[in-house]
Amino acid sequence: MLKCPYASCKNRSFRTEKAVNVHLSSHKEPLPFNSYIASNQIDCSTHQEENAASFLDDEYDYHDDYATDMDDDGHSSFIKTNSNNDKNAIRKFMTVTEVDMEDSNGGNGSSGNSLKLNGIELRFARASLSAGLSKAKHTEFADIIQDAADLVYNTGKPLKISTRTLDGLFAKINTECDGQSVSFYEHNFDISAVHGIPNNCIKDFRDSYGTIKLVYRNIKELCELLFNYEEFWEDTILLPEIWERDGKRVVQDIHTARWWNQLQAKLPLGAIVLALLLSSDETVVSGNNRAFAHPLYLKLGNTPKDIRNKATNRASRVLAYFPILHCPNNNNKLRQSCTISMTGPYNKIYQVVPALAGYIADLPEQRLMAGVKSGMATYTCPRCWTVTADFHLPYYNTKKRKTNTMKQICECGMKLIKAGKDGLAKELSKKYSTQLVDNAFETVPHFSIFDSLVVDTLHQLGGAYTHLVECVQRMLTEGDIEEINSSITSPTYMELRHHLSILLSLIHDKVSSQTVLCLRHFIDFFYQATSKEHSGDTIQKMQDSLKLYNTYSPAIALYSKSKLCFPKNHSLWKYAKDIEMRGVVSSYSTEASENQHKQDAKQPAKRTNFNRTVFTGQMGKFKTRYDAFFDSCDLQQIAMIKTNICNNQTFLPSTRILCAPLDRGKLVTIESIQNQEELFEKLEDQIRTYLDTDIMKRPHRRRKKNYPKLTSSSKKADDDNDLYTEKFRANRNFRNNEWRDFAEIKGGYYGRLLLFFEMKFIKNDKTELNLELCLIEPYIPVKDRNGYHVPHITGMEVLENLPGGIHDKVKVISIDLIIRQVHIVPDLATNKDKDGYYSQYLLNHDINAYSWSENEGVLLDLMKI
């Protein structure tokens, strides 16, 4: 038995060291280490003769065995994490503490108290700490050094690194990987050759900006590289498809939507659509926020979205680095031939038709590419002619922007400028909110920038929800915020789903009913718009939710500074058409390009001098070498990777299992469980009730004394009290907090999972049953006299506890009756009883998309309130 070193502590005996360490963390005063050693009868005299740091020869890092934890008073305590030898672990504990104490007292500089590292380890440690390597990178480099040392030891031959400098590595890449990737080129703009620039402005422009450079790649060569990338051969999509489910057409990726099918029908037989997806965004690349990069990314819709949106697959590449100037394009036009030959999957020659499937960008970037003015201009939407002052209204029959219309406006403006009528040209530009510049793609077939602009879930959908939350904040009083014990702060995009999943349950009784209904329909629209699959019915339901949101939005508009008249609110009406034409929104989300900035903008910028005139060219050179190196590595490893994937594929059935029990696999008595908390006091009676009703199948209730008796062998229960499968948890003390999940139970009700256990039952015919059971706290749907669900303002299903006292509110069930995880919250508008139970609960179906789609709640009609 192990003992607590504190003399004043009443809990003096513990079976395991883990129990001692958990107990020690509850003490506020510093740990009396010497008392700890003495109380646990460790022989220190033998250990004092050993070298204080000798254990480092066997285990390189003692922090792997102990993690330092700080309590509330700032005292540190050592908690064992992964050592199996308790006695040796405590000795190591003493050694580390003694070394730290001697060093803190000045030490004597003797070798016995110094850090025992060999020369290589010391140099590596110094370099790692100086460079500020992360734990993962430190481990990665340490593994490389260890592998090199093992190779030298096994072969007996010295290992020489041929590329000891970065310049040497770059030179080797340039020599041996030439042709593996697409190089960058630099183009100097001649400002005087740009169409529409007044002559009196050319000198001022050159004096202000100097030489303007565009760093770019050949778009055909880059498309061919991605189209013929061997790693994607088996997954490359060559033709559109029509998917159906239950006899109805559904859309997922872009090749299942209408845009590709409609374009394919117009092409000659044998031609293949090369679906280009472009994305651009300006980003900061220096720590002082002075240097910016403006990368243009290219990926192909022919690569499935799950592959092209994953950064490690490198299916999205940098096409160009724009100069940080909003300057017009020159007169060089792209190739206009409809069909071109290109090497594709399996090194075959395909006749492809390049088409701009989508331009992925945020709103300022879309306006820049479309040549549309921003701010308080009359028409600021880059996709349609909706008046800016009507952005809060539904979008129905507003005309779309077309390439021919925009070209006519531009040509008319250029004629006025040439005729010296600059005032009329400015009025024309202001009237149509259009920049009088030529569009680079206006003469290229299938490259209309206005038709290819798509919605942006990261900035538009998330931004609209954040705006609504800010309005709700203004509605709440300080007392409301104090009551819910949290401020309804504006969430980030990563926090968005977690935020909206609890919003209504917190504020439905603190704001007007119309506000709740407005938020209800917006959250419904959010889940519908971000679904992974769509059919005609789901798109129509999404539009219905959006219309209802707009109907109830005046209640929130009163607290909005813009009165909900802002571009992100207007963009919600574009989702239905974009999903129908180009598939689900995850196919063209800006989230992927935002993540790509780290690898293709910020990382290359670190290899430059940040000189405004040359640093984008330096970024291009680095990316050329980077892509060439990794493309070469991929080609060498593709065969091995495919072999490993084929050999390692396993298909395991979905099963429920009970994980390792809390008490180290030992059986515990039911009496010990019943003493843990009040809800467990009647556990034995509830188990006997379950056995009589569900196992013995008695048609009627009997007296308790006639229930099946628990024999000595079945009286033992294996108390899991921890994780049930990967999804359900019934733990009364998980990291000092209660964590008990809610679940849907077969039979049309729900329950809070209190305890998992298994037991053995012997029937009258001596048949032995192994039962896996769960103690739950049931929640029953509330229905009216006609058997219909009671409506609620949030649209959530209304639930209540079983009647009776605290012991009548729990029951035992088999774990096979558990269907799925749900989320149940109290209806804060109702009162508590003496036992702390609310009179009404809500099934929060906003917790995830699956729960949302399975919702059976009834939305309260505002006209009946």
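Values reported hereafter were calculated over all heavy atoms of this structure, with side chains retained and with hydrogens, waters and symmetry mates removed. Everything quoted here is computed from the prediction, not taken from an experiment.
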Shortest non-hydrogen contact from [X] toward [Y]:
X: W259; Y: A275; result: CZ3-CB, 4.2 Å
X: F232; Y: L226; result: CD1-O, 4.5 Å
X: V455; Y: S571; result: CG1-O, 4.1 Å
X: R314; Y: D631; result: NH1-OD1, 3.0 Å
X: T608; Y: F615; result: CG2-O, 3.6 Å
X: S316; Y: D600; result: O-OD2, 4.1 Å

Would you please test N595 and E591 for side chain to side chain donor-acceptor pair (under 3.5 Å) and show each step?
CA-CA 6 Å; N595 293 331; E591 187 176 359; 4.7 Å; no
Fit a plane to each ring of [X] and [Y], take the angle between them on a 0 to 90° scale, and name the class: parallel (under 30°), tilted (30 to 60°) or perpendicular (over 60°).
X: H255; Y: W260; value: perpendicular
X: W233; Y: Y346; value: tilted
X: Y297; Y: H597; value: tilted

Under the 3.5 angstrom rule, does the side chain of [X] hit a backbone N or O of [Y] as a donor-acceptor pair?
X: S531; Y: Y527; value: no
X: Q366; Y: V454; value: yes
X: N218; Y: E221; value: yes
X: R308; Y: T303; value: yes
X: D281; Y: I360; value: no

Determine whether the side chains of [X] and [Y] contain a donor N or O and an acceptor N or O closer than 3.5 Å.
X: Y229; Y: N313; result: no
X: H294; Y: E365; result: yes
X: S587; Y: D253; result: yes
X: T590; Y: D456; result: yes
X: K213; Y: T616; result: no

Is [X] atom [atom1] crowded by more than 12 heavy atoms from other residues, nucleotides or ligands, each under 6.0 Å away?
X: K602; atom1: NZ; answer: yes
X: Y626; atom1: OH; answer: yes
X: K574; atom1: NZ; answer: yes

Between [atom1] on residue [X] and [atom2] on residue [Y], distance to nearest 0.5 Å:
X: L277; Y: S452; atom1: CG; atom2: OG; answer: 9.5 Å
X: K568; Y: H459; atom1: NZ; atom2: NE2; answer: 7.5 Å
X: I219; Y: L276; atom1: CD1; atom2: CG; answer: 5.0 Å
X: L296; Y: L319; atom1: CG; atom2: CG; answer: 4.5 Å
X: T434; Y: L436; atom1: OG1; atom2: CG; answer: 7.5 Å
X: L453; Y: D578; atom1: CG; atom2: CG; answer: 9.0 Å

Non-hydrogen side-chain atoms of [X] and [Y] separated by less than 4.5 Å:
X: W243; Y: R249; answer: no
X: K577; Y: M581; answer: yes
X: Q528; Y: Y575; answer: no
X: I579; Y: M542; answer: yes
X: Y359; Y: S280; answer: yes
X: L274; Y: C223; answer: yes
X: W573; Y: N550; answer: yes
X: Y395; Y: C384; answer: yes

Set of residues satisfying salt bridge (charged side-chain N to carboxylate O under 4.0 Å, His left out) with respect to R217, sequence neighbours excluded
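R217 satisfies salt bridge (charged side-chain N to carboxylate O under 4.0 Å, His left out) with D627 once adjacent residues are dropped.
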- prompt: Honestly, is K400 close enough over F450, meaning NZ or CZ under 6.0 Å from the six-membered ring centre and within 45° of the axis?
  reply: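 Verdict for F450: no cation-pi partner in K400.
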Quick note, side-chain hydrogen bond (donor to acceptor under 3.5 Å, both in side chains) partners involving residues 402-417, not counting sequence neighbours, are T403-S448
One thing to verify: whether R245 and E533 come together as a salt bridge, which I'm taking to mean a side-chain N less than 4.0 angstrom from a carboxylate O.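 Yes, this pair counts.
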Could you list the donor-acceptor pairs under 3.5 angstrom formed between side-chain atoms of residues 368-381 and any protein atom two or more places apart in sequence or on another chain?
unit_1	atom_1	unit_2	atom_2	d
K373	NZ	S429	OG	2.9
T380	OG1	T388	OG1	3.0

